[in-house]
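The structure under discussion appears below in the form of structure tokens.
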Number of protein chains: 2
Amino acid sequence: MKRLIIASTSTLYNGNYLEYILPELKVFFKDIKTLLFVPFARPGGISHEEYTSKAQEIFKTINIRVEGLHAKTNKADAILNAEAIFTGGGNTFVLLNSLYKHNCIAALQKVINSGTPYLGTSAGSNICGQNVKTTNDMPIIYPPSFDALQLINFNINPHYLDPITDSKHMGETRETRIKEFHTQNTIPVVGLREGSWLHVVGNSITLKGSLSARIFEKDKLPYEIETNSKIEF
Amino acid sequence: MKRLIIASTSTLYNGNYLEYILPELKVFFKDIKTLLFVPFARPGGISHEEYTSKAQEIFKTINIRVEGLHAKTNKADAILNAEAIFTGGGNTFVLLNSLYKHNCIAALQKVINSGTPYLGTSAGSNICGQNVKTTNDMPIIYPPSFDALQLINFNINPHYLDPITDSKHMGETRETRIKEFHTQNTIPVVGLREGSWLHVVGNSITLKGSLSARIFEKDKLPYEIETNSKIEF
């Protein structure tokens, strides 16, 4: 049975890496000895090694060993044999491009749909959706497709941000951007605020964390759903 | 000789559409009777007609008639025969995708390089660069390429935004995003703040408006250039 945690962010303001969600991860990854880490999104351009070390540092506190996917010769095989998988945040385009380049897409879909526990944060959450067309990231590389892992039947917008009152900046608000998405696409979008995550067990999807989430459906006014609600479209 | 105005935004906070730059446009478009407007970026998802009307409304105050490119049967021909061209802002991916779909890229490059005056704002400025990999927009449609008009030998980041002091939001700052761009690309990026524009005359490019611009070159620390400076890489 499919088991995922799809988190808006890895880190809360004034918090440490994964700190806010560590109690949840301890339960989610119970019995897991080794976690396969996908470092391809490279936040801030750091190296795959540095990023994997950062993940190792926090997971060793709950007795889990971390291996970096970048170091595996056959990456699809490493995915097929993983006990559990964690894809970290960074740039969604760089991440998706690497997954296509290393033939990881089908392998990830196969094992996650068959029950290998999966954790995604930010970019690692974006790729769980139907496509990456609701990412906030800069398109710094051209991937062969925007299609993502399609593990859920909607898209995520991570780091969802409400309009900033009194902003004098004339760039689009997040809500305007998602409205523009719906001029070209029909699938729903879940705006996940920082500190929120989706807990997926089979076909049951629950919003977790202390905040509500904002839901965008084509031709409807956006609306809020409360934490601990089921999400179903 | 090439003549362009490449503006960060169309509208300043508390201002009307193109108001801040209208005195400049009156000089730039002197002797122009009819302006071809490219409405494809569709800000907020408005229709091509509505967007063209909005442009007509302001340009009629300086006695210029506006025609929408969307209404032309042969779009490449309309571009080749235009007196002057203005591409409005909105979503850069939707804009670029439409330009490819309607075979407008080569026609735009040909006439602009030969001297047809061109005004771009926001998304219409992004497409003047080498590619659209430094847009802030959501990738709501997958274009056949990220390559843009390549009228200048660097990229623009319009609506350039300095890091917000005291922000508790953990999404990347603009500077971090452009740093990530330089892990994958070598061309310089000019961060154009709202109210700034580039005035291009042949190979001479001058920063205009009241603010400085932030320049990002691979493997260098970002730096500021003052208004009225020439930009050369």
For chain A, which residues from [range] lie under 4.5 Å away (heavy-atom distances)?
| range | value |
| --- | --- |
| residues 135-144 of chain B | B:T135, B:N136, B:D137, B:M138, B:P139, B:I140, B:I141, B:Y142, B:P143, B:P144 |
| residues 185-196 of chain B | B:N185, B:E194 |
| residues 173-180 of chain B | B:R174, B:T176, B:R177, B:I178, B:K179, B:E180 |

Contact class of A:V132 relative to chain B, heavy atoms under 4.5 angstrom: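 Only the backbone of A:V132 comes within 4.5 Å of chain B.
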Less than 4.5 Å to any heavy atom of chain B: does that hold for the side chain of A:T9, its backbone, both, or neither?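 The side chain, not the backbone.
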Assess whether atom CD of B:E57 is packed by more than 12 heavy atoms of other residues, nucleotides or ligands within 6.0 Å.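 Open: at most 12 neighbouring heavy atoms sit under 6.0 Å from CD of B:E57.
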Can you confirm whether more than 12 heavy atoms, excluding those of B:K218, are under 6.0 Å from its NZ atom?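 Yes.
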With chain A as the partner, which of [options] has the greatest number of non-hydrogen pairs under 4.5 Å?
| options | answer |
| --- | --- |
| B:T183, B:N157, B:L161 | B:L161 |
| B:S122, B:S10, B:S145 | B:S145 |
| B:G45, B:G44, B:S8 | B:G44 |

Name all pairs fulfilling the salt bridge (charged side-chain N to carboxylate O under 4.0 Å, His left out) condition that reach into residues 143-155 of chain B, sequence neighbours left out, sorted by first residue then second.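 For residues 143-155 of chain B: none.
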CZ-CZ distance between A:F181 and B:F93, expressed to the nearest 0.5 angstrom: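 Output value for this atom pair is 13.0 Å.
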